[in-house]
2 protein chains.
Amino acid sequence: MKTPGPSSTQPPSRRIAEELRAAIEAGHLAPGDRLPSERALAHQYETARNTAREAIRLLAEEGLVTARHGSGVFVREPQRLFRFGSDRYSRSNRETGLTPFRLEARRQGKEARIDVVGITRERPPQDIAERLAVPADEESVLHRENHYFADDEPVQIVSTYLRWEEAEGTPLTQPRTGKDGIYGRLEELGHVMTRVRDEITARMPTRAEATVLGLPSGVPVLEVLHTSLDQEDEPFEVSRYVHRADRTGLFYELPVE
Amino acid sequence: MKTPGPSSTQPPSRRIAEELRAAIEAGHLAPGDRLPSERALAHQYETARNTAREAIRLLAEEGLVTARHGSGVFVREPQRLFRFGSDRYSRSNRETGLTPFRLEARRQGKEARIDVVGITRERPPQDIAERLAVPADEESVLHRENHYFADDEPVQIVSTYLRWEEAEGTPLTQPRTGKDGIYGRLEELGHVMTRVRDEITARMPTRAEATVLGLPSGVPVLEVLHTSLDQEDEPFEVSRYVHRADRTGLFYELPVE
DNA sequence: CATACCAAGTGGCTCAAGCCAGTTGCTTGA
DNA sequence: TCAAGCAACTGGCTTGAGCCACTTGGTATG
C-alpha cells in the first residue's frame, strides 16, 4: 500500500521538493553541497525540466537552497549571526570606541566597513514623524543613511533621523561626526539617552533592499524602528534598521516587574 | 554597460512585475483590489501566460500580492499588527487574568482562542537544552505546544519547555494549569520571574509552519526564543514563539546604562 | 609558464499549448 | 421563492521545446 499521506496526491514538483528537502534535513545533502542539475532531476523523475525547476524554486523560497547562475544550486550554508544585544545602546559600550557592529564583526574575524550613503534634509516618513514628534509635511528632519558591510558583504541598512532644527550647522550634517559619533554630538545638544524603544517586524525585502543587501530569494529582513529618549523622556533620534535576517539575531534582556 | 536601463534590458516578466508594483505603490491598485487575470495580463503585454504568471509570482514573493485559487490575485491588505510589548511578561499584566494575547485580541475586537496541541515528555532540541540547562540526550523536558487564533485565524505557535523533574505530577502536565497559568504554578515551585531574555530571528516558515499558520508565500515568520530567569538567575522556562510576521510587531522598551 | 580562448555544463527566462481544480454568478426547475 | 446545477471564469501545474547568460575547466597558443 502506498502512503496515503501527502506524497500520493501531491503534484510532481512538490514531490521532488519534498524528497530533496528530506535529503537536506537528513544530512544526505550537506550545506554547501550541490544539488543535481535541473536537467538531471528532470530526467531522474521522468518529468519536464520546468517541473524540476519548480521544485527547486519551492526550496529556494523556503530559504533552504540558493541557485548560482551557471554554476548550480547549492544547499544554503547556515550563516553565523550578527548578534545585537539590548546593551548595544549603552554608554559603556560606546566608550570602547567601537560601535556594536564593529565589535561583532571583530568577534567574527571580519572586517567592518560603514558607508555613508547620504546625508540629506528631508520630509520624514509618517512613522518617523510620529515618533520623532515632527511634522510630516515639512522638511523637518536630517536623514543619514548608512550601509554596513562585513568583509565587503552588506548586512544592514540604517536610516537615522534627527530633527533638522537641531542638526543644522552641526557636525551631525557631516559624514564624520567626531568622537562617540552622533550620540556624542547629541549629548552636547543636551540629549542624554536614558531609554530606548525598539519596534520589531519582519517582512520580505523590497526590490531596492534586495539589491543593496544582495539577498537571494527566500531571505526576509528584520526591520527595527528604534527611538532614543532623553532624560526628559523626549524622543530625539529615530532610526530604521533593515537587517538581512539570515545574518542577524536580536537579543533583549530585561528585568520583569 | 554596467547598469542596464530600468526597463529596457529587463526580461518581460520583470517589466510586468515592475509596472504592477508601481501601480500598487502609487495607489492605482489599492489593497484588496484584484489584479488583471493572468490571461488578461498576458494578452495585454503580448506575452505568454507563463510570463505574466511569473510576474505575479515575483510580486507574491515580495509579499505585495496573494493569489486566491479560482478567484484572482489581490493586493495584500496591510494587516493590523498584534503588538507584543516587553511588558508582556510583567506580573501586573498577569493579574488582569488576561494573557497578553487575549488582551491584544480584545483590543482588536477579535475572539481569541488557544488550542493545546500537545503536552508531552520529550528530548529537548539543542538550543532549548542549552538555555534550560538540561541534558539534550534524555527526555528531560515537558513540552507544551499551543496554537493561538484570532477569529479562528492562526497567528502564532508557541512551544513551552519546562524541566520534567519539576513538572512531573503537577498541573503543569495538564491542559488547564489553573490560576495565573503556568507562571502561577512555577511560582509555587519557587520560581519568581525576575528577568527575561528574548532572542529574535526571522526566517521563512517551514512547510509545517506554513500549513498550520495558513501562510501564503511571501510571509516570513518571527521566531522568539524566550528564557525566563528566576530570583537566583536560574532559567526555569524556555519558550519558542513562531509568529506570522505580517501580523506581529514586537515592542521593547528599556532603560539605557 | 602564463594567458587567451573555447566548449560543455549550469541556471534564467520564455513560449504555446493543455488539463485540472477552485469560485462565482446566472439560469433553470421544483 | 429558493435551491440545484451549470457555464464561464479564475489560478495551479505540467509539458517539451528553445535561446540566452554565466561559470568552469581544459586546451591551444604565445
Applying side-chain contact (heavy atoms from CB on, under 4.5 Å) between A:Leu215 and each of A:Val212, A:Thr211, A:Leu213, report the one that passes. A:Leu213
Return the set of residues passing ring-ring contact (aromatic ring centres under 6.0 Å, His included) with A:Phe101 (not counting sequence neighbours), or none when no residue passes. A:Phe82, A:Tyr148
Pairs flagged by side chain to side chain donor-acceptor pair (under 3.5 Å) wherever residues 62-73 of chain A is involved - sequence neighbours left out: A:Arg21-A:Glu62
Below 4.0 Å from chain B heavy atoms, what is the first contacting nucleotide of DNA chain C and what is the last? C:dC13 to C:dT24
Got a sec, which residues hit side chain to side chain donor-acceptor pair (under 3.5 Å) with B:Asp115, two or more places apart in sequence or on another chain? B:Arg113
D:dC13 P sits how many Å from A:Tyr45 OH, rounded? 18 Å
Base contacts versus sugar-phosphate-only contacts with protein, heavy atoms under 4.0 Å: please encode nucleotides 6-12 of chain D as B, S and - from 5' to 3'. ----BBB
Short question: side chain of B:Arg144, backbone of B:Gln174 - any donor-acceptor pair under 3.5 Å? yes
What class does the angle between the rings of A:His143 and A:Tyr161 fall in, given that below 30° is parallel, 30 to 60° is tilted and above 60° is perpendicular? parallel
Please tell me if A:Thr51 has a side-chain N or O lying less than 4.0 Å from either OP1 or OP2 of D:dC13. no
Within residues 203-216 of chain A, those residues having any heavy atom closer than 4.0 Å to DNA chain D are none
Are the side chain of B:Arg121 and the backbone N or O of B:Glu139 linked by a donor-acceptor pair below 3.5 Å? yes
Of all the heavy-atom pairs spanning B:Arg131 and B:Leu225, show the shortest one and how long it is. NE-CD2, 3.3 Å
Audit row: A:Arg240, A:Glu223, salt bridge (Lys or Arg N to Asp or Glu O under 4.0 Å) steps and yes/no: CA-CA 7 Å; A:Arg240 173 177 279 121; A:Glu223 180 174 325; 3.0 Å; yes
Any chance CD of A:Glu111 has more than 12 other-residue heavy atoms, nucleotides or ligands included, within less than 6.0 Å? no
